[in-house]
Engineer: 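Below you'll find the structure I mean.
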Amino acid sequence: MMALRASFQAHSSDITVRELSAALLSLVALATVTLVYARWMHVTNATIVALTFLFIVLITAATSRLRVAVITSIASMLCFNFFFLPPVGTWTIADPQNWVALFVFLAVSLVASRLSHVARARTEEALGRRDELARLFDLSRDVLVMTATPDAVSHLARAIARRFDLEYVALALPDEQGWSVSAAGDDTVNLEEEQLTDAFQAAATSLEFDAYARTYAGHRSMETNGRTVRLVPLRAGTTPIGLLAASGRPIEPGTLDTLAGLVAIAIERMRFLEERKSAELTRQSEELKSALLASLGHDLRTPLTAIRVAAGNLKSTWLPADDRTEQSDLILAEVERLTRLFNNVLEMARIDAGAVATEERWSHPSEIVSAARDQVEHTLREHRVSITLAPDTPVRLDARLAASALAHLLENAAEYAPRGTSIDVSSEIAGTDLLLRVRDHGPGITEGDLPHVFERFFRGRSAARTRASGTGMGLWIARGLVSAVHGRIWVENCSDGGARFTIALPLAASTAGEEPAAS
């Protein structure tokens, strides 16, 4: 309140063009009325003249500053005396009653001007409070959409400067190195750390409420670079957590205190979001570790048991040669299965670390499909693989990652499709993408599982029905490998049964005169 009144007084102390225009218009109006009443209409009724002059004074008081209304009141009194009170044309007054009328007129005009000025000032004050409340509301909406990013405090400082139309705003937060200052606004102000420390320590010593200023103690002002910077404590409850520095247009202390409270809540909210994000990452990490250990424990048990039994059988002297070959093949298949499992773990670690290396080269789609089949040969031996290449022209991309991602799709199709069914593999060049498709003739994917197919460790309802083995890492790894080359992968159910997975890999633009490598 005090700051707002002081701003009104400081503003009224300067003669503005608007005030000069209002005073000139008022004097012109008085001169016009005087000329019309005295020279044209020959009005001699002092009451009519006084009421007309008073009406001009009230209009001036309602539309301009108090001193303009006072000047108009004095000018109207002089015109009233000189042109309408006998003896007319002199400054003397013959009838003592006219003295009373003259001074009553002056008193009424001054009182009316004062009342009008007070009403106008209170209206401006109410409008100012409404504007400040709207600014606080807009800032609170800005706070709600802010996230816990490294530059969130800087964004908050810019939002304050923009919403409150301030030339300089800084949020000073104590840290291990001293002070972390995030500034915004058109001005550049150097905040001295010593003054910040003194203001912060003073805010921490006591918490008193000034009922007259409607603010808590701790407000300070500092002069720097020829500007007055106001320092307001940021308090989370009763504990100060930093300082708000503001310079520019005057803001009453109560509004500054409310603004500081809102800023403190915003900063605490950002810290809470950051802590919650860290806790969520920790929880997810623990869940992933548990899921990985469970999956590995489950999938390691079967091949290790098979290898142990087969190795024991090979020790038997009575085992025929054909059975020995079968047991050897079983050991090799299970070892390859273990190798694939550990390769999946390594690929998952590389994807998480963002360490998937890419290398573009010329290759034919048939080479990519052949390399993918070789990686999962033992898994595909109980299925027919149909390959359609249209066309098999050389393309430039990372063939190694493409083959690895395709191998995971083939392995997934072999796991979930019934034995003896066909797995269809096709390639197509569409625009600037190479499309690789894998179609199985299994039960398909339920609608509820479709959005989660490429999630880590996810195994849908069909896995329980078909008792398919797997860790749920394959499709997630395929998506990670495809994403490493900025590609896309998706799945859809076919109308006649089964599911179709599609990989879209962007083709690199070849340089002028470059020839594709020989296949």
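Because only heavy atoms are used, hydrogens play no part in the values below, and waters and symmetry mates are left out as well, while side chains stay in.
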Engineer: Hey, are the side chains of I445 and Y416 touching, using non-hydrogen atoms and a 4.5 Å cut-off?
Structural biologist: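 Of all side-chain heavy-atom pairs linking Y416 with I445, none is under 4.5 Å.
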Engineer: To check you understand the geometry: which heavy-atom pair defines the closest contact between L436 and S427, and what is its length?
Structural biologist: CD2-CB, 3.6 Å
Engineer: Could you state the interatomic distance from CZ (R163) to CD (E132), rounded to the nearest 0.5 Å?
Structural biologist: 13.5 Å
Engineer: Looking at side-chain heavy atoms only, is the closest gap between V385 and V369 below 4.5 Å?
Structural biologist: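 In short, these two side chains do not touch, never coming nearer than 4.5 Å.
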Engineer: Might you confirm whether atom CG of D186 has over 12 heavy atoms from other residues, nucleotides or ligands at distances under 6.0 Å?
Structural biologist: no
Engineer: Nearest 0.5 Å please: distance from the CG atom of L380 over to the CD atom of Q375.
Structural biologist: 11.0 Å
Engineer: Can you give me the closest heavy-atom contact between I477 and H408, atom names plus distance?
Structural biologist: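 Shortest heavy-atom contact: CG2-NE2, 3.5 Å.
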Engineer: Run the side-chain hydrogen bond (donor to acceptor under 3.5 Å, both in side chains) test on H441 and D496 for me, step by step, so that the C-alpha distance in whole Å, both residues' side-chain angles and the decisive distance to 0.1 Å come before the verdict.
Structural biologist: CA-CA 9 Å; H441 295 271; D496 55 345; 5.6 Å; no
Engineer: Determine the sole option in V263, L243, L259 for which the side chain to side chain contact (heavy atoms under 4.5 Å, CB included) test with L234 is passed.
Structural biologist: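 That would be V263; it is the only one of V263, L243, L259 passing the side chain to side chain contact (heavy atoms under 4.5 Å, CB included) with L234.
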Engineer: Roughly how far, to the nearest 0.5 Å, is OG1 of T258 from CG of L139?
Structural biologist: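 One finds 11.5 Å between CG of L139 and OG1 of T258.
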Engineer: Any side-chain heavy atom of E194 sitting closer than 4.5 Å to one from T197?
Structural biologist: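 No - every pair of side-chain heavy atoms lies 4.5 Å or more apart.
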Engineer: Does any N or O in the side chain of S278 come within less than 3.5 Å of the main-chain N or O of E275, such that one atom is a donor and the other an acceptor?
Structural biologist: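 Answer holds: no.
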Engineer: With distance as the sole test, does R488 use its side chain to make a donor-acceptor pair with the main-chain N or O of T502 at under 3.5 Å?
Structural biologist: no
Engineer: Would you mind reporting whether L191 and W179 have side-chain heavy atoms less than 4.5 Å apart?
Structural biologist: no
Engineer: So does E274 have more than 12 non-hydrogen atoms from other groups sitting under 6.0 Å from CD?
Structural biologist: no
Engineer: Taking NZ, NE, NH1 and NH2 as the nitrogens, is one of them in R271 or E268 under 4.0 Å from a carboxylate oxygen of the other?
Structural biologist: yes
Engineer: Keeping the roles fixed (side chain from D142, backbone from A159), state whether a donor-acceptor pair exists under 3.5 Å.
Structural biologist: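 The answer is no, because no donor-acceptor pair under 3.5 Å joins these two groups.
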Engineer: Could you tell me whether the side chain of R479 and the main chain of E455 form a donor-acceptor pair under 3.5 Å?
Structural biologist: no
Engineer: Of all heavy-atom pairs between I251 and R230, which one has the smallest distance, and what is that distance?
Structural biologist: N-NH1, 3.1 Å
Engineer: Is the shortest side-chain heavy-atom distance between H383 and L410 below 4.5 Å?
Structural biologist: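 Counting from C-beta outward, H383 and L410 never come under 4.5 Å.
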Engineer: Hey, does the side chain of D398 reach the backbone of E359 with a donor-acceptor pair shorter than 3.5 angstrom?
Structural biologist: yes
Engineer: Between R141 and D138, does any NZ, NE, NH1 or NH2 come within less than 4.0 Å of an OD or OE carboxylate oxygen?
Structural biologist: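 Yes, this pair counts.
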Engineer: Check whether any side-chain heavy atom of I429 lies under 4.5 Å from a side-chain heavy atom of T393, and answer yes or no.
Structural biologist: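 The answer is yes, as the side chains (C-beta and beyond) meet within the 4.5 Å cut-off.
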Engineer: Could you grab the distance from atom CD of E367 to atom CH2 of W362, nearest 0.5 Å is fine?
Structural biologist: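 Rounded to the nearest 0.5 Å, the CD-CH2 separation comes out at 12.5 Å.
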Engineer: Quick one: are R437 and E428 in side-chain contact, heavy atoms under 4.5 Å?
Structural biologist: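 When only atoms from C-beta onward are counted, E428 and R437 do touch, with a gap below 4.5 Å.
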Engineer: Ignoring hydrogens, what is the shortest heavy-atom contact between P394 and H364? Give both atom names and the distance.
Structural biologist: CD-NE2, 3.7 Å
Engineer: Ignoring hydrogens and angles, tell me if any N or O in the side chain of D440 forms a donor-acceptor pair with the backbone of A499 under 3.5 Å.
Structural biologist: yes
Engineer: Return the minimal non-hydrogen interatomic distance between G420 and R384, and the atom names on each side.
Structural biologist: O-NH1, 2.6 Å
Engineer: Taking C-beta and beyond as the side chain, do R249 and F164 meet within less than 4.5 Å on heavy atoms?
Structural biologist: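 SC-SC contact between R249 and F164 confirmed.
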Engineer: Please name the pair of heavy atoms, one in A504 and one in W490, separated by the smallest distance, quoted to 0.1 Å.
Structural biologist: CB-CZ3, 3.9 Å
Engineer: Could you walk me through whether D424 and S426 pass the side-chain hydrogen bond (donor to acceptor under 3.5 Å, both in side chains) check?
Structural biologist: CA-CA 7 Å; D424 304 328; S426 63; over 6 Å; no
